[in-house]
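A short write-up of the structure that comes next.
As the structure is a computational prediction, the values presented were derived from the model and not from experiment.
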Amino acid sequence: MADLDDLREGSNFGLGVTAGQQSFHVKGAENLPWGMKDRLSRIFNPKTGKAVMLAFDHGFIMGLTSGLERIDLNILPLIEYADCIMCTRGILLSSIPTTTNKPICLRSDAGASILTELNDNVLIDIEDAIRMNVSAMAVMLAIGDEAHEAKTVANLYKAVDKASRYNIPVMGVTAVGKQMARDARYFGLASRICAENGANIVKTYYCDGFEKVVAACPVPVVIAGGKKLPELEALDLCYKAIGDGAAGVDMGRNVFQSENPVAMIQAVHAVVHDGLTPQQGFEMFQDLSK
Ligand code: R5P
């Protein structure tokens, strides 16, 4: 039982000190088997240690989403610029050509729509994930939501148990329900719980104090982009996240809802992998949009 009367907030994050055992380019993966490392290396570029994941799984919970009306028209032109694609089984099988040859982070949970918000009780059959040759499985964790917390922890746990048997990494997706705070305390707690339960990658949101969230998470953290922002602000978000230790982005709306999605994903890629400043990235976006 937790001593609730003696919860001491962590304060010594060793900011600026590189995590130990880092000869492999993916944080916390040093001791994993070959298959895991191979899959993680397909997602995280071994030269930069970073990844630009293109997320277009929104329809599985939000239904029709602006910019995802037609996967063939909206998303296929972007895929060549992504390091990894994140989508559901239905979209992968129906709409992504088998010749795409990009690592797949498969959205592997379900169980709700935007009306009730959080998924908690359905997990894809591991054999189906293997049949689709996925490089990672994404499963939500909703800490702090009484109705969903225990079920999502169980779902994540089950996913790790099954996926690790086949050396498939799991990405824990920290949920943000209506009642949940969007701060470093919440994201830090949720990220750490994902990692403690065996997630090999954590997806969360950028926030004040993000460097502590990353420092206290023993596996790579990638950020979701969230709601559509003006392009310069979205590039600034990427830049700050990388500067604070993120291993990349798993971005959706700020790419596919951009005025020019093909230009935007290339600018995001340059900020994440090549260290372009937000302004340089924005100029690249503008040049590519001409
Ligand atoms: C989160 O659970 C969703 O599945 C999205 O994949 C994620 O939020 C990333 O997309 P966006 O950058 O649009 O927030």
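- For Y157, the OH atom sits in a loose shell: 12 or fewer heavy atoms of surrounding residues, nucleotides or ligands are nearer than 6.0 Å.
- Legend: residues meeting salt bridge (Lys or Arg N to Asp or Glu O under 4.0 Å) with R70, ordered by chain and number and at least two apart, are D72.
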Verdict with reasoning, Q257 to T65, per side chain to side chain contact (heavy atoms under 4.5 Å, CB included): CA-CA 9 Å; Q257 290 177 353; T65 308; 3.9 Å; yes
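- Looking only at side-chain heavy atoms (C-beta outward), L141 and V153 come within less than 4.5 Å of each other.
- Here the shortest heavy-atom pairing between A138 and C105 reads CB-SG, 3.9 Å.
- For the pair V173 and R107, the minimum side-chain heavy-atom distance is below 4.5 Å.
- Pairs of residues two or more places apart, or lying in two chains, that qualify as ring pair (Phe, Tyr, Trp, His ring centres under 6.0 Å) and include a residue from residues 168-202 are F187-Y205.
- Not a single donor-acceptor pair under 3.5 Å links the side chain of D57 to the backbone N or O of M86.
- Nearest heavy-atom pair across Y166 and R39 is O-NH1, 3.1 Å.
- A cation-pi geometry, defined here as NZ or CZ lying under 6.0 Å from the six-membered ring centre and within 45° of its normal, holds between K37 and F24.
- Atoms OG and CD1, on S94 and I71 in that order, are 8.0 Å from each other to the nearest 0.5 Å.
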Criterion side chain to side chain contact (heavy atoms under 4.5 Å, CB included) on K50 and N45, from CA distance to verdict: CA-CA 6 Å; K50 306 283 192 294; N45 184 326; 5.8 Å; no
Criterion side chain to side chain contact (heavy atoms under 4.5 Å, CB included) on F282 and L276, from CA distance to verdict: CA-CA 9 Å; F282 186 58; L276 260 61; over 6 Å; no
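- E233 places no side-chain N or O within 3.5 Å of a backbone atom of P230 that could act as its donor or acceptor partner.
- Residues K162 and M137 are not in side-chain contact: their nearest non-hydrogen atoms beyond the backbone lie 4.5 Å or more apart.
- When all heavy atoms of A215 and K27 are compared, the pair lying nearest together is O-NZ, 4.0 Å.
- Judged purely by atom type and a 3.5 angstrom limit, E283 has no side-chain atom pairing as donor or acceptor with the backbone of G281.
- Taking every heavy atom of both residues into account, E231 and S258 meet most closely at OE2-OG, 2.7 Å.
- To the nearest 0.5 angstrom, M171 atom CE is 11.5 Å from L156 atom CG.
- Here SG of C217 is found 11.0 Å from CD1 of I193. Values are rounded to the nearest 0.5 Å.
- A donor-acceptor contact shorter than 3.5 Å is absent between the side chain of E211 and the backbone of G245.
- A heavy-atom distance below 4.5 Å is not found between the side chains of N167 and W34.
- When atom types are taken as modelled, the side chain of T100 and the backbone of P97 share a donor-acceptor pair closer than 3.5 angstrom.
- The main-chain N or O of G144 is found under 3.5 Å from a side-chain atom of E149 such that the two form a donor-acceptor pair.
- Residues that satisfy the side-chain contact (heavy atoms from CB on, under 4.5 Å) test with E80, not counting sequence neighbours, are absent from this structure.
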Stepwise side chain to side chain contact (heavy atoms under 4.5 Å, CB included) test for C238 and M251: CA-CA 10 Å; C238 299; M251 199 167 248; 3.5 Å; yes
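- Distance alone, capped at 3.5 Å, places no donor-acceptor pair between the N155 side chain and the K151 backbone.
- With sequence neighbours left out, the salt bridge (Lys or Arg N to Asp or Glu O under 4.0 Å) criterion links K227 to no other residue.
- Counting heavy atoms from C-beta on, the side chains of I104 and N133 never come closer than 4.5 Å.
- Residue I223 is not grouped with residue L15 when hydrophobic side chains (ILVMFWY) are merged at heavy-atom distances under 4.5 angstrom, including chains of intermediate members.
- For the atom pair CD1 of I43 and CD1 of I85, the computed distance is 11.0 Å after rounding to the nearest 0.5 Å.
- Within a 6.0 Å radius of CD in E259, other residues, nucleotides and ligands contribute 12 heavy atoms or fewer.
- For the residue pair A142 and M140, the shortest heavy atom distance occurs at CB-CE, 4.0 Å.
- Within the 4.5 Å cutoff, the side chain of T174 has no heavy atoms near those of the I143 side chain.
- Checking side-chain atoms of H25 against main-chain N and O of F44 turns up a donor-acceptor pair under 3.5 Å.
- Listed here is the closest heavy atom pair of P220 and N200: CD-O, 3.3 Å.
- Contact of the K102 side chain with the I96 side chain is not registered, since no non-hydrogen atoms from C-beta on lie closer than 4.5 Å.
- D161 is linked by a salt bridge (Lys or Arg N to Asp or Glu O under 4.0 Å) to nothing, counting only residues two or more places apart in sequence or in another chain.
- Interatomic distance, N31 CG to M36 CE, rounded to the nearest 0.5 Å: 12.5 Å.
- Looking only at distances, a side-chain donor or acceptor of D125 sits under 3.5 Å from a matching main-chain atom of E127.
- Counting only heavy atoms from C-beta outward, the side chains of R192 and P218 approach each other to under 4.5 Å.
- Classified by interplanar angle (parallel below 30°, tilted 30° to 60°, perpendicular above 60°), the ring pair Y206/F210 is tilted.
- Every residue was checked against the salt bridge (Lys or Arg N to Asp or Glu O under 4.0 Å) condition with R253, not counting sequence neighbours, and none meets it.
- Distance check: L40 CG to I168 CD1 gives 11.5 Å after rounding to the nearest 0.5 Å.
- Residue-environment remark: CG (L64) stays at or below the threshold of 12 foreign heavy atoms within 6.0 Å.
- Cluster annotation: F13 and V214 are assigned to distinct hydrophobic clusters (Ile/Leu/Val/Met/Phe/Trp/Tyr, side-chain heavy-atom contacts under 4.5 Å, transitive).
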